[in-house]
Amino acid sequence: MHPADPAALLEGLNDQQRRAVEHTGSPLLVVAGAGSGKTRVLTRRIAYLLGARQVHPGQVLAITFTNKAAAEMKERVAELVGRRANAMWVSTFHSMCVRVLRREAKTLGMTSSFSIYDSDDSKRLITLVARDLDLDPKRYAARSLAVHISNLKNELVDAETAAGNATNDLERRVAEVYVEYQRRLREANAMDFDDLIMRTVELLQTFPDVAEYYHRRFRHVLVDEYQDTNHAQYTLVRELVGTGRGTGEHAVPPAELCVVGDADQSIYAFRGATIRNIVEFERDYPQATTVLLEQNYRSTQNILTAANAVISRNPDRRDKRLWTAMGDGEKIVAYVGDNEHDEANFVAGEIDRLVDAGIANNSDVAVFYRTNNQSRVFEEIFIRLGLPYKVVGGVRFYERREIRDAVAYLRVLANPEDTVSLRRILNVPKRGIGERAEACVAMHAERERVSFNTALRAATEGRVAMLNPRSQRAIAGFVELVDGLRRFVDDGQDVAEVLDAVLEQTGYRAELEASDDPQDASRLENLTELITVAREFTELPDAPEDDAPEGSAPIETTGPAAGTLAAFLERVSLVADADQVPDEDDTGGVVTLMTLHTAKGLEYPVVFSTGWEDGVFPHMRALSDPVELAEERRLAYVGITRARERLYLSRAVVRSAWGQPMTNPASRFFDEIPADLLDWRRLGPERSSPVRATTFGSGSGGGGGGASRSTFGSRGTRSQATRGWQETAALTLEVGDRVNHDKYGLGRVVATDGQGPRTTATIDFGTAGTIRLMLIGSVPMVKL
DNA sequence: AACACGATGATTTTT
DNA sequence: TCATCGTGTT
């Protein structure tokens, strides 16, 4: 049992943290600097509500941005209060809204089985709409239209209002697309991510009974990462808290609100997040109390001083100075490489040195960069040195084509009207329903004002104009296939079984198995993985017991019953993190590579923040815009403050961008760090005698190998040189050698053949197959 | 309907 | 550089 002794819950907190935990009544803003124990404050506060203030756990709503943060918060609260934590709503903005919306779907004219469209689905639909409206795809790219519409939704501007407000051509076009896009979403019984928030707001604002229900239920609302909220989310929170101004039976006093955030860590403005929400919190909630957490429990003072110095350059900022009782620690190591290979080589060498010296394990180390493509050079070198690593981010599991195809089938089974998913799988795998046929069906749908699904069924009866008999038969086959699979679902089969049947009966699996493209082998593995996920999902449903406070109406659990297809789809739609940040207890440990954005919220004893070049970081597009530059600076602040003990900042003089070598000046952020904090290991190539381009002997020169090779020649020279060097180093292969190929992955040489430039190697790439490759030109492969 | 080719253009991305 | 997209060919 957890007596949740109130005094114990305040133990070990500093004064400010304690104030935040104990504060009662008025809205509370906790300005939590990086590493200042914000999660601790949130979890203790929740436990304190329960333990000291007799709050029922069902009255608590805690909102985060990520599933990971929600899971962590729930776990840490459970450590304090035990199973009572299960009765709380601790969830992301989006899953919270889905819960509400599924419950109230009818009120909004939807079915509770509505599909959730992610940005890819939404872009597809917008493409269709734009095409139907005859918009020039050059001037009105789907991606850009999607961004515009998303921005409008984030500002809670609906399609009709957008149409009315449009003052120029672009805005009018966007509004036109927006109107039609919403019509199609409704028709497909679908909502996009932004709708989830916007429509929940709409629901609460339009239906006082619904709002009252939630007002009575949630007496405490806590919001994490408040600086990342956009206007819609801000309004949602306000509606959830309520004004207490209702009359008669609607008079429910406002809920107690506690928001936690750090304006200096707002790095998602490009997604509509507005610091305004945190900067002006006090104006929005006049009686609000603010608590400032400045004591840092993560980093050394040198690291914090650097972070403070950089962020202080941002204009219009509330001053905040992180400090620690832990001492100065090491200086920040700085390094200038001749090129990105040199830089990566330095990083790898340093990691090696730290690990050898027993100062760190691989898992203690993270390498950050501004853009994903920068990971490549690190991967190359780490592979060559046998340094285990993991890249976090990039193409995620649920974004892979095969996974999306499989999920689209499931979505169509759950929601027959889901047009985007339906059209996605219509001819996947190829079954002879081409563009032409699809267009005929779409035409029919539009003319008859019926859904695509209905039109498809009309096609099987020959009621669609211009459709040739062959296509008609193919469509009939498809419809039959889907109906057969749906019967499977209706029979109550497990999700994994349904998925298996989908892959089998559609021939999807067979097609991949028959292919000799090694990528398809990995696709097959991913699908197997998806089935495993589905199986685990049915076997260990993690739906919590819902336990509403006494006196309030009982409330449904998560919506769809645990383990069902609907529940699985919801999980898949709202949880994108199948790829995880490696655990520190991952055997032996791996170095973690990620973008600065992904790094937010994490911490590592050793951090390498790389690519500190004007044009890279800060990014080119931010150089001329003070607002964007300020956001880049916050990104620098986030990067710096991830480091606990050792921080390395590095740049390369020359870096290849899109195949062209670029000479970039040092990042301006270097100049913003007090010089005495920096320990420059290398200031760059000596100006007087640039390192000569040497000829490339065979692989003897270990150690500094690539590092000292100059790239100061002409452009052509550089790329030739690098390539030549990789050739000799990587391509002297013997039977038994292990290699890593860009496309085929890890393999072992089983045979070699031929001489000189005609040398070939036969390599067993495991599941990707055995392949014979010529070792000529720039082979995308390295020897391990 | 399916494939092959050249033009294009390319931050960051919790949901 | 490299993946995606639209166009043209078989």
Side-chain angles (χ1 to χ4, degrees), chain A residues 63-71 91-98 116-122 127 131 137-138 141-143 147 150 154 191-197 224-225 227-230 232-233 265-273 368-374 376-377 392-396 398-399 401 427 429-438 468 470-471 474 570-577 581 594-602 611 615-623 628 631-632 634-635 638-639 655-662 719 722-723 742-743 778 780:
Chain A
I63 311 176
T64 64
F65 275 85
T66 68
N67 292 290
K68 198 177 150 220
S91 66
T92 63
F93 270 103
H94 292 85
S95 51
M96 185 216 98
C97 288
V98 171
I116 299 167
Y117 281 180
D118 67 16
S119 22
D120 188 77
D121 301 314
S122 123
T127 307
R131 203 174 290 162
K138 294 257 154 58
R143 192 194 139 91
V147 167
S150 175
N154 289 160
M191 295 198 205
D192 65 20
F193 280 152
D194 302 317
D195 282 337
L196 296 178
I197 312 288
D224 191 16
E225 305 279 16
Q227 77 282 352
D228 288 340
T229 51
N230 58 38
Q233 288 158 337
Q265 292 185 66
S266 164
I267 55 175
Y268 286 106
F270 68 91
R271 290 178 86 250
F368 302 157
Y369 34 79
R370 178 62 177 78
T371 60
N372 285 304
N373 61 5
Q374 290 171 252
R376 211 186 140 158
V377 61
V392 181
V395 207
R396 286 195 294 268
Y398 290 112
E399 283 167 11
R401 179 160 41 110
N427 200 30
K430 303 245 180 304
R431 50 172 73 88
I433 308 175
E435 220 175 305
R436 209 33 218 272
E438 186 184 343
N468 71 43
R470 215 149 60 119
S471 303
E570 188 164 316
R571 153 74 70 92
V572 169
S573 306
L574 295 177
V575 178
D577 49 11
V581 176
M594 66 184 107
T595 64
L596 285 161
H597 282 89
T598 308
K600 199 178 86 164
L602 304 175
V616 175
F617 179 51
H619 194 272
M620 186 104 65
R621 299 167 96 116
L623 290 178
E628 286 203 50
E631 178 141 323
E632 297 284 307
R634 291 192 290 273
L635 206 45
V638 166
R655 176 182 302 273
S656 297
W658 306 318
Q660 288 295 304
M662 295 283 296
S719 55
T722 310
R723 198 184 298 152
D742 276 6
K743 192 168 158 200
S778 76

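Proteins come first, then strands; the chains are lettered A, B, ... in the order of their sequence lines, and each starts at number 1.
No donor-acceptor distance shorter than 3.5 angstrom exists from the side chain of A:Gln660 to the backbone of A:Ala657, with no hydrogens or angles considered. Of the possible polar contacts, one joining the A:Glu631 side chain to the A:Ala269 backbone as a donor-acceptor pair under 3.5 Å is found.
Here A:Phe270 lies parallel enough and close enough to stack on the base of B:dT12, with planes under 30° and ring centres under 5.5 Å apart. Residue-nucleotide stacking is not present for A:His94 and B:dT15, judged by a side-chain ring centre under 5.5 Å from the six-membered base ring centre and planes under 30° apart.
Because its glycosidic torsion is more than 90° from 0, B:dT12 is reported here as anti.
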Practice prompt. Please test A:Glu399 against A:Asp120 for side chain to side chain contact (heavy atoms under 4.5 Å, CB included), starting from the C-alpha separation and ending with a verdict.
Written response: CA-CA 9 Å; A:Glu399 283 167 11; A:Asp120 188 77; over 6 Å; no
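Distance A:Arg634 CZ to B:dT11 P: 20 Å, rounded to the nearest Å. Rounded to whole angstrom, the span from the CG atom of A:Asp192 across to the P atom of B:dT13 amounts to 20 Å. In this structure, A:Trp658 places its CH2 atom 16 Å from C1' of B:dA7, rounding to the nearest Å. In this structure, CZ of A:Arg143 is placed 14 Å from P of B:dG9, rounded to the nearest angstrom. At whole-Å resolution of the value, CD in A:Glu438 and P in B:dA2 are 12 Å apart. Protein atom CD of A:Glu628 is 9 Å distant from nucleotide atom C1' of B:dT11, rounded to whole Å. The CG atom of A:Leu574 sits 19 Å away from the P atom of B:dT13 (whole-angstrom rounding). Spacing between atom OH of A:Tyr268 and atom P of B:dT11 amounts to 16 Å, rounded to whole angstrom units.
Contact annotation: A:Asn427 side-chain N/O to B:dA2 OP1/OP2 distance is under 4.0 Å. Look at A:Thr595 and you'll find a side-chain N or O under 4.0 angstrom from OP1 or OP2 of B:dT13. Look at A:Asn67 and you'll find a side-chain N or O under 4.0 angstrom from OP1 or OP2 of B:dT15. OP1 or OP2 of B:dT13 sits under 4.0 Å from a side-chain N or O of A:Thr598. Here A:Thr64 does not reach the OP1 or OP2 of B:dT15: none of its side-chain N or O atoms lies under 4.0 Å away. Taking 4.0 angstrom as the limit, A:Arg376 places a side-chain polar atom (N or O) nearer than this to OP1 or OP2 of C:dC2. Of the side-chain N and O atoms in A:Asn372, one or more sit less than 4.0 angstrom from OP1 or OP2 of B:dT13.
Between A:Asp228 and A:Lys600 there is a side-chain heavy-atom pair separated by less than 4.5 Å.
Within the nucleic acid shown, A:Glu435 comes within 4.0 Å of sugar-phosphate atoms alone, with no base atom in reach, counting heavy atoms only. Among the protein residues, A:Arg436 comes within range of the sugar-phosphate backbone only, with heavy atoms under 4.0 Å from sugar or phosphate atoms but none that close to a base. If you check every strand for non-hydrogen atoms under 4.0 Å, A:Ser471 touches sugar and phosphate atoms only.
Taking the nucleotide of DNA chain B with the nearest heavy atom to each of A:His619 and A:Gly432, the more 5' of the two is matched to A:Gly432.
With B:dT15, B:dT12, B:dA2 as the candidates, the nucleotide lying closest to the side chain of A:Lys430 is B:dA2. Relative to the side chain of A:Ala437, the nucleotides B:dA1, B:dT12, B:dT15 differ in distance, and B:dA1 lies closest.
To the nearest 0.5 Å, atom CD of residue A:Glu628 and atom NE2 of residue A:His619 are 9.5 Å apart.
Here the closest non-hydrogen pair linking A:Asn154 and A:Gly272 is OD1-CA, 4.3 Å.
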